[in-house]
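Keep in mind that what you see is a predicted model, and the values were worked out from it rather than measured.
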Amino acid sequence: TLKTQTFLRYRDIVYINVLASREMEEERLRMHILGALRYGKPLVFDMMDVDMVKEMREKINQVHPECFEWLMTNSLVKDAHYKELI
């Protein structure tokens with residue numbers, strides 16, 4: 001998966017490595033989410049073949065208690081919940 005990681009890093013996306021604690025800090029996540037929305041880029045969470053969904057959900061919900069659900073259902077944009085992250 002190193003090739004995939006390298007490929008994704010050079011694409012026009014917002015790439016977040018879930019295993020990198022610095023990238024999963026609350027403020028950085030908030031800025032990544034808003035940046036992806038602002039510039040219309042896909043938001044990619046790379047778990048590097050590790051089942052980290054529970055941990056990822058907890059970290060994302062530190063940004064806002066419902067943020068993970070908003071991302072998974074696309075209601076972040078549809079229902080204008082992104083305003084709560086600004």
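To the nearest 0.5 angstrom, K59 atom NZ is 9.0 Å from M52 atom CE. Atom CZ in R11 sits 12.0 Å away from atom NZ in K41 (nearest 0.5 Å). Rounded to the nearest 0.5 angstrom, F45 CZ and H32 NE2 are separated by 8.5 Å. The distance from atom CG of D46 to atom CD of E23, rounded to the nearest 0.5 Å, is 9.5 Å. Going from atom CE of M47 over to atom CD of E55 covers 10.0 Å, rounded to the nearest 0.5 Å. Put simply, CD1 on I86 and CZ on R38 are 10.0 Å apart, with the number rounded to the nearest 0.5 Å.
When hydrophobic clusters are built by joining Ile, Leu, Val, Met, Phe, Trp and Tyr residues whose side-chain heavy atoms come closer than 4.5 Å, directly or via intermediates, F7 is grouped together with I13. V50 and V53 fall within a single hydrophobic cluster, where Ile, Leu, Val, Met, Phe, Trp and Tyr are joined by side-chain heavy atoms under 4.5 Å apart, directly or via other members.
Between L37 and V77, some side-chain heavy-atom pair lies under the 4.5 Å cut-off. Residues L85 and C67 form a side-chain contact, since some pair of their non-hydrogen atoms from C-beta on lies under 4.5 Å apart. A heavy-atom distance below 4.5 Å is found between the side chains of M24 and L29.
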Item to check | Verdict with reasoning, I33 to L76, per side-chain contact (heavy atoms from CB on, under 4.5 Å) | outcome: CA-CA 10 Å; I33 293 167; L76 186 67; 3.6 Å; yes
Checklist entry - Which is it for V18 and M48 under the side-chain contact (heavy atoms from CB on, under 4.5 Å) test, yes or no, and what are the steps along the way? => result CA-CA 8 Å; V18 175; M48 303 189 68; over 6 Å; no
Checklist entry - Checking side-chain contact (heavy atoms from CB on, under 4.5 Å) for the pair I16/V44: CA distance, chi angles, key distance, verdict? => result CA-CA 6 Å; I16 300 170; V44 176; over 6 Å; no
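In terms of the side-chain contact (heavy atoms from CB on, under 4.5 Å) criterion, residue partners of E26 (sequence neighbours excluded) are, by chain and number, Q62, V63.
In this structure, the side chain of N61 engages the main chain of F68 through a donor-acceptor pair within 3.5 Å. The backbone N or O of H81 lies less than 3.5 Å from no partner atom in the side chain of D79, so there is not a single donor-acceptor pair.
Taking every heavy atom of both residues into account, E84 and W70 meet most closely at OE1-CH2, 3.6 Å.
Residues E27 and R30 are paired through a salt bridge, judged by an N-O separation under 4.0 Å between the basic side chain and the carboxylate.
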